[in-house]
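So the structure is just underneath, and the comments pick up after that.
Atoms within a ligand are numbered from 1 in the order they appear, just like the ligands themselves. We number each residue from 1, following the sequence as shown. Nothing here was measured: the structure is a model prediction, and the numbers come from that model.
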Amino acid sequence: MMRLPKFDYRVPREIAEAVKIIAGAGPEGQFVAGGTDLYPNMKRRQQTPKTVISVMRLPELNQITGEGRSGIRIGSSVTLTDICEHPIINRDYPFIANAARLISTPILRNMGTIGGNLLLDTRCNYYDQNYEWRKGINFCLKKDGDVCWVAPGSSKCWAVQSSDLVPVMVAIGAKLRFASTLGERVIAAAGLYNDDGIDYLHKRPDELLVDIQLPPTNGWRASYHKLRRRGAFDFPVLGVAAYVRLDEPVRTGSGSDRVVGVARIVLGGIAPSPVVVEDAAAALIGHPLDSDHIQAAAEAAYVKTRPLDNTDFVMNWRKQMTRQYTLRALNELV
Ligand SMILES: Cc1cc2nc3c(=O)[nH]c(=O)nc-3n(C[C@H](O)[C@H](O)[C@H](O)COP(=O)(O)OP(=O)(O)OC[C@H]3O[C@@H](n4cnc5c(N)ncnc54)[C@H](O)[C@@H]3O)c2cc1C
Ligand code: SF4
């Protein structure tokens, strides 16, 4: 049985107290929400904080406020189950509830939070193993070793960003609010992720994720489709988030059609950070959301995808599936 290492456990009741504790703990401190990612990592000695600070008793982080017309704020400690069941999220942002429903299992969703999901560690077959297994291969670049077993000539870690909600938040342009002893900052979700499996977040360890701000639902649509081995539960080995805003009709010879004004296709589960496929968006913008243009966007997503051999399934098949899953995600928006 894998045991947790010893650590101090702190449960602050206010944001100011939480950020003060982590500032005092320095690099040995780490926040925990549901612990469904951090505690397994600690048992495998991948992350070994000496002070673990729970964010579950901070009232501001447990609230959902607003609705579609004004935009919604979701506190980062809101559980995935609460997101799946929330009536306003289901009514105004159904694709968020759908993506949350695809995460792990009901029991893990009761514990796991939206904040923990957006800050999830990157994953790799050579890393998500117990200590003895990793020692057996002399560890790897991401922790305790000096070679990447996926790309031995590479000085970079290619561990995969594997959250289901990340591509969706990037696609819809969600914003994230952080707090620390230095004050607050709000950034676009797209700006948080770094294309490096070790240094995967543009965030200091002492920054607390306070809430996630979803934009008003003024005329756009979004969807998320996930590839995984087992339908009941598994991390995504490909996730496709699609976002489209249709503009007012333009007159054509044969009538009038609404055309795509803004589009974003974001892929998850294939690289250390979510991949925004600009060419797929370009294939849609200025055109009706019809079969020909959806096909062109799916082709662009297929061309851009370069999965590596460090998660489930054969690489080439996962690449081919990008076309299919982009088609599905976009067809859902027609
Ligand atoms: C068997 C299994 C299957 C899974 N399947 C999936 C899946 O299909 N899809 C998927 O996306 N995920 C999956 N997960 C991962 C995980 O369960 C979820 O991503 C979950 O939402 C993580 O939330 P948490 O609250 O438990 O995070 P935690 O483990 O508490 O934290 C995760 C990270 O976020 C940091 N953190 C948490 N809250 C804050 C905060 N407010 N401010 C700053 N830092 C913070 C922690 O320090 C840690 O680094 C799975 C996990 C397991 C064990
Ligand atoms: S991609 Fe390479 S360095 Fe990163 S976790 Fe996997 S084997 Fe280790």
Side-chain angles (χ1 to χ4, degrees), residues 15 18-19 22 29-43 46-47 49 52-56 58 60-62 75-81 83 99-105 107-129 134 137-152 154-168 176-180 196-198 200-201 203-212 226 228-230 232-237 239 268-269 271-272 308-311:
I15 291 177
V19 297
I22 200 149
Q30 193 163 352
F31 289 119
V32 68
T36 62
D37 185 48
L38 180 65
Y39 290 144
N41 287 356
M42 288 175 69
K43 287 181 177 178
Q46 293 157 325
Q47 289 169 317
V52 174
I53 304 138
S54 171
V55 300
M56 296 306 277
L58 301 171
E60 203 179 328
L61 274 64
N62 281 297
S76 78
S77 299
V78 171
T79 66
L80 297 170
T81 298
I83 286 175
R101 257 178 231 117
L102 297 173
I103 296 171
S104 53
T105 64
I107 292 169
L108 284 161
R109 289 197 294 271
N110 289 343
M111 292 298 296
T113 63
I114 183 170
N117 188 259
L118 298 181
L119 301 172
L120 198 62
D121 194 7
T122 51
R123 297 182 60 80
C124 171
N125 286 345
Y126 296 91
Y127 172 73
D128 291 296
Q129 306 288 349
R134 292 188 295 116
I137 61 161
N138 214 9
F139 302 104
C140 79
L141 211 55
K142 184 159 160 74
K143 180 80 172 98
D144 300 326
D146 51 17
V147 66
C148 170
W149 296 110
V150 175
S154 168
S155 57
K156 172 180 159 179
C157 167
W158 296 89
V160 174
Q161 190 285 311
S162 303
S163 149
D164 283 299
L165 285 172
V166 166
V168 184
L176 310 175
R177 178 160 65 113
F178 291 97
S180 73
D196 180 320
I198 297 171
Y200 50 90
L201 295 174
K203 165 192 171 309
R204 294 193 319 274
D206 67 323
E207 286 184 295
L208 172 76
L209 177 59
V210 177
D211 59 29
I212 296 97
K226 166 179 183 173
R228 56 180 165 178
R229 184 174 289 270
R230 295 169 291 187
F233 88 106
D234 257 328
F235 281 91
V237 289
L308 285 161
D309 195 12
N310 58 351
T311 61

Query raised in the report: Would Leu165 and Leu118 count as a side chain to side chain contact (heavy atoms under 4.5 Å, CB included) if you check the C-alpha gap in whole Å, the side-chain angles of each, and the deciding distance to 0.1 Å?
Result: CA-CA 7 Å; Leu165 285 172; Leu118 298 181; 3.9 Å; yes
Query raised in the report: Any N/O/S atom, backbone or side chain, of Cys157 lying under 2.8 Å from atom 4 (Fe) of ligand 2?
Result: yes
Report task. For atom 8 (Fe) of ligand 2, decide whether Cys148 has an N, O or S atom at a distance under 2.8 Å. Result -> no
Report task. Looking only at distances, please establish whether an N/O atom of ligand 1 is found under 3.5 Å from an N/O atom of Leu209. Result -> yes
Query raised in the report: When Gln30 is tested against each of Leu38, Ile53, Asn41 for side-chain contact (heavy atoms from CB on, under 4.5 Å), which residue passes?
Result: Leu38
Query - Residue and atom name of the nearest protein heavy atom (relative to atom 46 (C) of ligand 1), distance in Å to one decimal - result: Phe31 O, 3.1 Å
Report summary line: Closest to atom 9 (N) of ligand 1 by heavy-atom distance, out of Leu119, Val19, Asp164, is Asp164
Query raised in the report: So is Gly34 polar-close to ligand 1, meaning N/O to N/O under 3.5 Å?
Result: yes
Query raised in the report: Is the shortest distance from a heavy atom of Arg109 to ligand 1 less than 4.0 Å?
Result: no
Query raised in the report: For Gly197, is the nearest heavy atom under 4.0 Å from an atom of ligand 2?
Result: no
Report task. Check each atom of ligand 2 against the heavy atoms of Tyr126 and keep those under 4.0 Å away; list them by number with element. Result -> 7 (S)
Query raised in the report: Would Arg229 and Asp234 pass as an ion pair if we require N to O under 4.0 Å?
Result: no
Query raised in the report: Can a donor-acceptor pair be found between the side chains of Ser77 and Asn62 at a distance below 3.5 Å?
Result: no
Report summary line: Nearest non-hydrogen protein atom to atom 23 (O) of ligand 1, with distance, is Thr113 N, 3.3 Å
**Report entry** atom 6 (Fe) of ligand 2: the protein heavy-atom neighbour that sits closest, reported with distance to 0.1 Å
**Finding:** Cys124 SG, 2.3 Å
Requested in this report: For the pair Lys143 and Asp121, find out whether any cationic side-chain nitrogen is under 4.0 Å from an anionic carboxylate oxygen.
Outcome: no
Requested in this report: Would you please determine whether Gly35 falls within less than 4.0 Å of ligand 1 on a heavy-atom basis?
Outcome: yes
Requested in this report: For atom 5 (N) of ligand 1, grab the closest protein heavy atom and report residue, atom and distance to one decimal in Å.
Outcome: Ser104 CB, 3.2 Å
Query raised in the report: Does Ser162 come within less than 4.0 angstrom of ligand 1, counting non-hydrogen atoms of the residue?
Result: yes
Requested in this report: Give the residue and atom name of whichever protein heavy atom lies nearest to atom 31 (O) of ligand 1, and the separation in Å to one decimal.
Outcome: Gly116 CA, 3.9 Å
Report summary line: Residue, atom and distance of the protein heavy atom nearest atom 8 (Fe) of ligand 2 read Cys140 SG, 2.3 Å
Query raised in the report: Looking only at heavy atoms of Glu207, does any of them come nearer than 4.0 Å to an atom of ligand 1?
Result: yes
Query raised in the report: Between Asp196 and Lys156, is there a salt bridge with N-O shorter than 4.0 Å?
Result: no
Query - Option set Leu120, Val210, Leu61, criterion heavy-atom distance to atom 15 (C) of ligand 1, minimum - result: Leu120
Query raised in the report: Can Arg123 be said to sit on top of Tyr127's aromatic six-ring, NZ or CZ under 6.0 Å from centre and within 45° of the ring axis?
Result: no
Query - Nearest-contact summary for atom 1 (S) of ligand 2 - protein heavy atom, Å - result: Trp158 N, 3.1 Å
Query raised in the report: Any nitrogen or oxygen of Thr36, main chain or side chain, under 3.5 Å from a nitrogen or oxygen of ligand 1?
Result: yes
Query - For Leu38, atoms of ligand 1 separated by under 4.0 Å from a heavy atom - result: 29 (O)
Report summary line: Min over Gln30, Met56, Gln161, Arg230 of heavy-atom distance to atom 48 (C) of ligand 1 lands on Gln30
Query raised in the report: Mind checking whether Asn117 has an N or O less than 3.5 Å away from an N or O of ligand 1?
Result: yes
Query raised in the report: Do any nitrogen or oxygen atoms of Leu108 lie less than 3.5 angstrom from nitrogen or oxygen atoms of ligand 1?
Result: no
Requested in this report: Please report which non-hydrogen protein atom sits nearest to atom 13 (C) of ligand 1, along with the residue it belongs to and the distance in Å to one decimal place.
Outcome: Phe235 CE2, 3.2 Å
Query - More than 12 heavy atoms from other groups under 6.0 Å of CD1 on Ile137 - result: yes
